[in-house]
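Single-structure report; data block below.
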There are 2 protein chains.
Amino acid sequence: MSRIKEIENRLVHAKYKLTTPRRLIMEILLENEGEHLTAEDIHNRLRDKGYQVGLATVYRTLELFCELGILARLNFEDASSYYELEENDQHHHHLICLSCSKIIEFSDELLEDFMESIEKKYGFEVTDHKIKYLGYCSDCSN
Amino acid sequence: MSRIKEIENRLVHAKYKLTTPRRLIMEILLENEGEHLTAEDIHNRLRDKGYQVGLATVYRTLELFCELGILARLNFEDASSYYELEENDQHHHHLICLSCSKIIEFSDELLEDFMESIEKKYGFEVTDHKIKYLGYCSDCSN
DNA sequence: GGATTAATGAATTCCATTATCACTTGAAAA
DNA sequence: TTTTCAAGTGATAATGGAATTCATTAATCC
Ligand SMILES: [Mn+2]
Ligand SMILES: [Mn+2]
Ligand SMILES: [Zn+2]
Ligand SMILES: [Zn+2]
């Protein structure tokens, strides 16, 4: 099943429609998979491709996609929110270089045990987690 | 050495003065240790105690204290920044309940090994890390 | 068709934070 | 002690990302 079709199924299942703006936004996200985009990034890329979608719609759509688990909203150390496709298989986290702002991704397999111990210790049902390591990348630590 | 005196030493060492506004802000933070306060929280508490300190000064002071490692700036899932005294001994993290917004703190001793493996794998010099577990607290998961 | 509801987008508003700038403070120099 | 002057302050305005409003449009259901 195509990626777009899979998204449409999820929308329809949650009683939403795959409208043209939503499809266009999803296409931008798919075309730029691996990047971390802001709402304005997406709005600009749509405009560059000749599509006119309101910025409010971009925000609303990104929020909707987050609620449906299609997207993840990321907050690095600046004011903006960044979005990326949520790959249901390999959840990952980010190393943020304080010098050049480079973002390096890493998976969190090793953290499983730690998370479980947290759940037991505090009776807290963990549904999501956000881990950020700040520091200096190999290019900048010399 | 008193807590305030220790802070003053740090300021002076970095060529800053412990001015009246800075001392008042620090007193609020000390009086509310353990809480997570916004700039406006602090501004309001100062006003309630009869002290008039400009909101801009509160922001500037909080930023300065963060730079000096006196405070930690926390970002939960809303728009504001929260501040708490940085206890140089026991670094901790936060469990955030998605239902009642309760914040539960936990230490990160168990994460040491994982952090080291990250440093080796990516040649990334970790100087700080921020971990957030989201989910449902024991009161809300029933 | 007509009625109802969802979705859109331009514009406006919100709101936390930052910038501006005239004024104040206080420590060092004269 | 007076003068000097950089550091610090605070009222206010500006900023910018995000949310809201509301009239319009599109889709859906009798
Ligand atoms: Mn990523
Ligand atoms: Mn805390
Ligand atoms: Zn770097
Ligand atoms: Zn709760």
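Heavy atoms only: backbone and side chains are in, while hydrogens, waters and symmetry mates are out. Predicted model, so just to flag it, every value in this text is computed and none were measured. Sequence lines set the chain letters: A, B, ... in the order given, protein chains first and strands last, and positions in each chain run from 1.
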Do side-chain atoms of B:Thr61 reach the backbone of B:Thr57 as a donor and acceptor pair under 3.5 angstrom?
-> yes
Would you say the side-chain atoms of A:Arg73 pair up with the backbone N or O of A:Tyr82, donor to acceptor, closer than 3.5 Å?
-> no
Would you mind reading off the distance between [X] atom [atom1] and [N] atom [atom2], rounded to a whole angstrom?
X	N	atom1	atom2	result
A:Lys17	C:dA7	NZ	P	5 Å
A:Asn75	D:dA18	CG	C1'	12 Å
B:Tyr83	C:dT17	OH	C1'	9 Å
A:Asp78	C:dT17	CG	P	14 Å
A:Arg73	D:dA19	CZ	C1'	12 Å
B:Leu18	D:dA7	CG	P	18 Å
A:Leu74	D:dG17	CG	P	17 Å

Any luck finding a side-chain donor-acceptor pair between A:Asp41 and A:His36 under 3.5 Å?
-> no
Side-chain H-bond candidate by donor/acceptor type, A:Glu109 with A:His91, under 3.5 Å = no
Verify the contact: side-chain N or O of B:Ser81 to OP1 or OP2 of C:dT17, cut-off strictly under 4.0 Å; return yes or no.
-> yes
So, is B:Thr19 close to the D:dA7 phosphate, meaning a side-chain N or O under 4.0 Å from OP1 or OP2?
-> no
Under 4.0 Å from any atom of DNA chain D, heavy atoms only: list the residues of residues 34-69 of chain B that qualify, in numerical order.
-> B:Gln52, B:Val53, B:Gly54, B:Ala56, B:Thr57, B:Arg60
Nearest-0.5 Å distance that lies between atom CZ in A:Phe124 and atom SG in B:Cys140 | 9.0 Å
Just compare D:dG8, D:dG17, C:dA7 and give me whichever is closest to any side-chain atom of A:Tyr16.
-> C:dA7
When the ring planes of A:His93 and A:Phe106 are compared, do they come out parallel, tilted or perpendicular, using 30° and 60° as the limits?
-> tilted
